[in-house]
Protein chains: 2
Amino acid sequence: MPDEIDRILIVALMEDSRLSLKALAGLSGLSSPSVAERLRRLEERGILTGYTVNVDPKAFGYMLQAIVRVRPLPGQMRAIERHIQSIPEFTECDKVTGEDCFVARLSVRSMEQLDAILDKLSDRAETNTSIVKASPVKRRLPPLSIVRS
Amino acid sequence: MPDEIDRILIVALMEDSRLSLKALAGLSGLSSPSVAERLRRLEERGILTGYTVNVDPKAFGYMLQAIVRVRPLPGQMRAIERHIQSIPEFTECDKVTGEDCFVARLSVRSMEQLDAILDKLSDRAETNTSIVKASPVKRRLPPLSIVRS
DNA sequence: CTTGAAAAAGGAAGTTC
DNA sequence: GAACTTCCTTTTTCAAG
């Protein structure tokens with residue numbers, strides 16, 4: 001279980017993953033070699049799973065985002081799953097309970113491209129598509145309080 | 001518009017945002033001061049919008065993820081939007097076209113917590129909740145080819 | 001955008017608690 | 001086992017071209 005210092009490091013990195021070890025040391029009250037060791041262990045334990053950047057998709061011409069619920073026809077579930085994985089415009093996909101099997105997010109350059117991608121699914125699944133108009137909550141972490149067990 | 005070198009830098013940072021300027025210089029064929037200046041400008045232009053980490057929510061006791069479609073009752077849309085924003089367990093929320101007004105992602109520690117959070121919405125909205133069983137596509141970027149205009 | 005020097009940060013080793 | 005200090009190497013930053 002991560003402790004309070006781990007939590008401080010993770011919250012700080014969530015806001016700026018390029019912070020130097022020295023800066024993280026200052027925030028946490030440790031020395032920088034200790035911070036390096038903490039991060040190594042958090043990665044090893046699978047708690048910190050990656051360091052990444054947020055990019056504005058519009059800068060690369062992706063003017064539309066859509067959320068697509070996908071309900072594969074009988075026997076098509078695995079095929080649909082692989083199909084979605086193979087189309088890079090699907091930027092996120094979850095397998096869920098309920099009538100829909102998958103909820104996926106799609107970034108496309110145009111309505112025409114959206115239509116083309118959904119068309120290819122139509123043989124093997126029913127889809128229900130919603131265009132994203134705004135994103136009132138951008139991706140964030142839930143409260144990372146330490147759980148005592 | 002970002003050029004080919006910007007694209008190389010962004011794709012590299014997407015995979016590892018802690019790469020040193022020197023490493024980025026090697027990948028892009030520039031010197032490290034030039035890379036630093038490029039990144040500064042990409043941030044300034046709103047193309048690179050943040051450096052962050054991926055964290056396993058389970059490490060902090062968030063054992064369940066759900067996707068909730070929310071359909072506010074008449075006149076309740078703004079109130080619901082603010083309500084969702086104010087609950088930190090909602091880790092993502094999009095405003096979409098179609099019957100549902102919002103599609104939100106929720107990280108919770110237990111079924112009881114999920115129920116409690118959804119209960120608070122029930123006065124002012126209809127909700128439709130799906131539990132996430134797996135995530136066949138983890139958050140990724142669409143293809144970042146350069147668009148010629 | 002590059003080079004080159006000064007300043008800062010990172011990494012390895014050995015020590016202490 | 002975890003963290004600290006020291007010393008040395010690498011990286012970043014800044015000035016100048």
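The sequence lines fix the lettering, A, B, ..., with proteins before strands; numbering per chain opens at 1.
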Using a strict threshold of under 4.0 Å (side-chain N to carboxylate O), is an ion pair present between [Y] and [X]?
| X | Y | value |
| --- | --- | --- |
| A:Arg78 | A:Glu81 | yes |
| A:Arg7 | A:Glu4 | yes |
| B:Arg41 | B:Glu37 | no |

[X] has an atom [atom1]; how far is it from atom [atom2] of [N], in whole Å?
| X | N | atom1 | atom2 | value |
| --- | --- | --- | --- | --- |
| A:Arg45 | D:dG1 | CZ | C1' | 13 Å |
| B:Leu39 | D:dT11 | CG | C1' | 14 Å |
| A:Leu24 | D:dA3 | CG | P | 14 Å |
| A:Ile5 | D:dA2 | CD1 | C1' | 10 Å |
| B:Arg18 | C:dG10 | CZ | P | 7 Å |
| B:Leu21 | D:dT13 | CG | P | 6 Å |
| A:Leu30 | D:dA3 | CG | C1' | 7 Å |
| A:Leu19 | C:dG10 | CG | P | 10 Å |

Worksheet item: Does a nitrogen or oxygen in the side chain of B:Arg38 sit under 4.0 Å from OP1 or OP2 of C:dC1?
Response: yes
Discussion item. When you measure from the side-chain N and O atoms of B:Ser34 to the phosphate of C:dT2, is any distance below 4.0 Å, counting only OP1 and OP2?
Written reply: yes
Worksheet item: For DNA chain D, whose closest nucleotide is more 5', that of B:Pro33 or that of A:Glu37?
Response: A:Glu37
Worksheet item: When you match B:Ser32 and A:Val35 each to their closest nucleotide on DNA chain D, which lands nearer the 5' end?
Response: A:Val35
Using a cut-off of 4.0 Å on non-hydrogen atoms, how would the nucleic acid contact of [X] be classed: base, sugar-phosphate, or nothing?
| X | value |
| --- | --- |
| A:Ser20 | sugar-phosphate |
| A:Lys22 | base |
| B:Arg40 | nothing |

Worksheet entry | Side chain to side chain, B:Asn54 and A:Met14, heavy atoms closer than 4.5 Å | no
Fill in: Rounded to 10 degrees, the angle between the two terminal axes of the helix from C:dC1-D:dG17 to C:dC17-D:dG1, each from five pairs
40°
Practice prompt. Among A:Lys133, A:Arg105, A:Lys138, find the one that has a side chain to side chain donor-acceptor pair (under 3.5 Å) with B:Asp94.
Written response: A:Arg105
Discussion item. For a quick test of reading the model, state the closest non-hydrogen atom pair linking B:Leu64 to B:Ser110 and the distance between them.
Written reply: CD1-C, 3.7 Å
Discussion item. Counting only heavy atoms not in A:Glu99 (residues, nucleotides, ligands), do more than 12 fall under 6.0 Å from its CD?
Written reply: no
